[in-house]
Amino acid sequence: MFGRWLILAAAGSGARSGEAVNKAFAPLGDTCPALMCLEAFAPFVDGAVVAIGADDARLWESIKDRLPGSLPAAMVQGGATRQASVSLALERLPQDASLVAVHDAARPFVSPRLIARCFEEAGRSGCAVPAISVADTTLSVDVSGRVDPLRREDLRAVQTPQVFRRDWLAKAHKTAMDASATDDASLVRAAGFPVSIVDGDASNRKLTTPADFRLARLEMESVRMPRVGFGLDAHRLTSDRPLILCGVNVPHTMGLLGHSDADVAAHALIDALLGAAALGDIGGWFPDTDEAYRGISSMLLLKRVAGDLKERGWAIGSVDVTIVAQRPKLAGYIPQMRQSLAETLGISADRASVKATTTERMGYEGREEGITARAVAVIYGGTTA
């Protein structure tokens, strides 16, 4: 099993962007390119090392608390060149990191499909570099102004993430002779290792100029319109089951009855997420007639739904769950529930809300016959399609 890690190159000044700050941290709606990249990679890696500029510690602090709960991330101060920054980040990787993705923070629209494709190929061949065909007529112009046309069929525009065996990448940086190299594949190839090309993605564009940022902001305003879903679930209480809520085992004399672990809160949230994307309901996805789901953790089902949404191009904005139960008192378990949801969904804990209330002993909840949960989910589409 490969230990997969991300090095996010975010140490450049981005002077051509026209932004007031390092373009990796420039505002794009309510987020920024660096945060968008880290959210995209969170389901695929065990952790990340982010190389930032010497004056950008404050900018890193401003997003650190919004990182996905499932993603350990460390910061290093980058060097004078991109190659130096990646080398410094390599030194911070844990020993069990065997596959390393190097990605430019200025490519915030990287898709889950592309990330998965690059890791799959690198696991097979040791290296994966995404590239796309060149559509425009391309010329070579020398210092005297002489023009020579180039064959478009022979040209590819290289992108990131570039994924490598860790030992290959470390050796390539250790023996690097060209400090001006603009990507790691050039260094790996110069070190004598084979480079495998995979299909890139035209939407995985790099934000470089003011026009790039204007277009990105217009796109996010028009495409990242929120979709809202609502979920409702109820389960009967019984004396011979554990009480699981949001993946947390809550000590109680009774638990919830169901085909799976009967986590009523997770079930309501699954329906909210599926409803927001108009993808049906939990019964259609995980029918209680299927023995594969007998006794299964509902958090595994929730994680599967979240992963499928991301594959379809949806990003989870925030979730809010309300649990209705007369007993037990749940206030002391809510921080753990929020963290459990955040880690499962790959979002920060400040975007996962859990609340608990009673019915003042009215109805089946008040009689302690069952527990109800209601959930609302906000998702955004288009940026990772």
With a 4.5 Å limit on heavy-atom distance, are the side chains of Pro161 and Leu114 in contact? yes
Do Asp263 and Ser298 get their side chains close enough for a donor-acceptor pair, meaning under 3.5 Å? no
Could you tell me whether the side chain of Asp46 and the main chain of Arg4 form a donor-acceptor pair under 3.5 Å? yes
Name all residues meeting the ring-ring contact (aromatic ring centres under 6.0 Å, His included) criterion together with Trp60; count only those two or more places apart in sequence or in a different chain, and write none if there are none. none
Indicate, with yes or no, if Ile282 and Leu256 share a hydrophobic cluster defined by side-chain heavy-atom contacts under 4.5 Å among Ile, Leu, Val, Met, Phe, Trp and Tyr. yes
Is the side chain of Ser85 donor-acceptor paired with the backbone N or O of Thr81 at a distance under 3.5 Å, no angle test? yes
Take a 6.0 Å sphere around CZ of Arg16 and say whether it holds more than 12 heavy atoms from other residues, nucleotides or ligands. no
Of Thr357, Ile323, Thr358, Val354, which meets side chain to side chain contact (heavy atoms under 4.5 Å, CB included) against Leu330? Ile323
I'd like to know if Arg338 pairs up with Glu343 as an ion pair, taking the criterion as any Lys NZ or Arg NE/NH1/NH2 lying under 4.0 Å from an Asp or Glu carboxylate oxygen. no
Is there a side-chain contact (heavy atoms from CB on, under 4.5 Å) between Cys32 and Ile63 once you walk through the steps? CA-CA 9 Å; Cys32 69; Ile63 71 164; 3.9 Å; yes
Would you indicate whether the side-chain heavy atoms of Val319 and Ser353 approach each other to under 4.5 Å? no
Side-chain (Arg113) to main-chain (Glu311) donor-acceptor, under 3.5 angstrom: yes
Hey, what's the ring geometry for Phe41 with His103, parallel, tilted or perpendicular (30° and 60° as the breaks)? tilted
Side-chain heavy atoms of Ser186 within contact of Val158, under 4.5 Å: no
Shortest non-hydrogen contact from Phe109 toward Ser203: CB-O, 3.4 Å
Atom CG of residue position Asp55 - does it have more than 12 heavy atoms of other residues, nucleotides or ligands inside 6.0 Å? no
Given Ser318, which partner from the list Leu345, Val378, Val376 fulfils the side chain to side chain contact (heavy atoms under 4.5 Å, CB included) test? Val378
Enclosure of Arg241 CZ (heavy-atom neighbours >12, cutoff 6.0 Å): yes
Considering only NZ, NE, NH1 and NH2 on the basic side and carboxylate oxygens on the acidic side, decide whether Arg58 and Glu61 come within less than 4.0 Å. no
Counting distance only, does the side-chain N/O of Ser340 pair as donor-acceptor with the main-chain N or O of Cys246 below 3.5 Å? yes
Arg312/Asp308 salt bridge by N-O under 4.0 Å criterion: yes
Sequence neighbours left out, what pairs pass ring pair (Phe, Tyr, Trp, His ring centres under 6.0 Å) with at least one residue falling in residues 238-282? His235-His267
Please determine whether a side-chain nitrogen of the Lys or Arg among Arg82 and Asp184 lies less than 4.0 Å from a carboxylate oxygen of the Asp or Glu. yes
Quick check: do Pro287 and Tyr293 have side-chain heavy atoms less than 4.5 Å from each other? yes
Counting distance only, does the side-chain N/O of Ser98 pair as donor-acceptor with the main-chain N or O of Gly3 below 3.5 Å? yes
Side chain of Glu39, backbone of Gly346: donor and acceptor closer than 3.5 Å? no
Can you tell me which residue among Leu245, Leu243, Ile244, Thr372 is in a side chain to side chain contact (heavy atoms under 4.5 Å, CB included) with Val264? Leu245
Evaluate the side-chain proximity of Arg166 to Trp5: yes if any heavy-atom separation is below 4.5 Å, no if none is. no
Side-chain (Arg227) to main-chain (Tyr380) donor-acceptor, under 3.5 angstrom: no
In terms of heavy-atom contacts, does NZ of Lys355 have more than 12 from other residues, nucleotides or ligands at under 6.0 Å? yes
Please assess Asp183 against Gln162 for the test side chain to side chain donor-acceptor pair (under 3.5 Å), listing each intermediate value before the final yes or no. CA-CA 9 Å; Asp183 80 332; Gln162 297 178 1; 2.9 Å; yes
With a 3.5 Å distance limit and no angle check, can you tell me whether Trp314 reaches the backbone of Leu273 through a side-chain donor-acceptor pair? no
Considering only NZ, NE, NH1 and NH2 on the basic side and carboxylate oxygens on the acidic side, decide whether Arg217 and Glu19 come within less than 4.0 Å. yes
Test your reading of the model: is there a side-chain donor-acceptor pair from Asn22 to the backbone of Ala11, 3.5 Å cut-off? no
Pair listing, side-chain hydrogen bond (donor to acceptor under 3.5 Å, both in side chains) test, anchored in residues 323-334, at least two apart: Arg327-Glu368
Salt bridge flag under 4.0 Å for residues Asp212 and Lys23: no
Hey, are Arg294 and Glu291 close enough for a salt bridge, meaning a charged N less than 4.0 Å from a carboxylate O? yes
Side chain Arg236, main chain Gly370, donor-acceptor under 3.5 Å: no
Do Leu71 and Leu6 come close enough that some side-chain heavy atom pair is under 4.5 Å? no
Please say yes or no: joined through hydrophobic side-chain contacts below 4.5 Å, possibly via intermediate residues, are Ile52 and Leu93 part of one cluster? no
Are any non-hydrogen side-chain atoms of Phe230 and Asp271 less than 4.5 angstrom apart? no
Run Thr344 and Lys303 through side chain to side chain donor-acceptor pair (under 3.5 Å) and show every step you take. CA-CA 5 Å; Thr344 301; Lys303 187 171 186 176; over 6 Å; no
Do Gln83 and Ser87 have side-chain N/O donor and acceptor atoms under 3.5 Å apart? yes
Treating Ile, Leu, Val, Met, Phe, Trp and Tyr as nodes and any side-chain heavy-atom pair under 4.5 angstrom as an edge, say whether Val50 and Leu90 lie in one connected cluster. no
Glu365-Thr359 side chain donor-acceptor pair, cut-off 3.5 Å: no
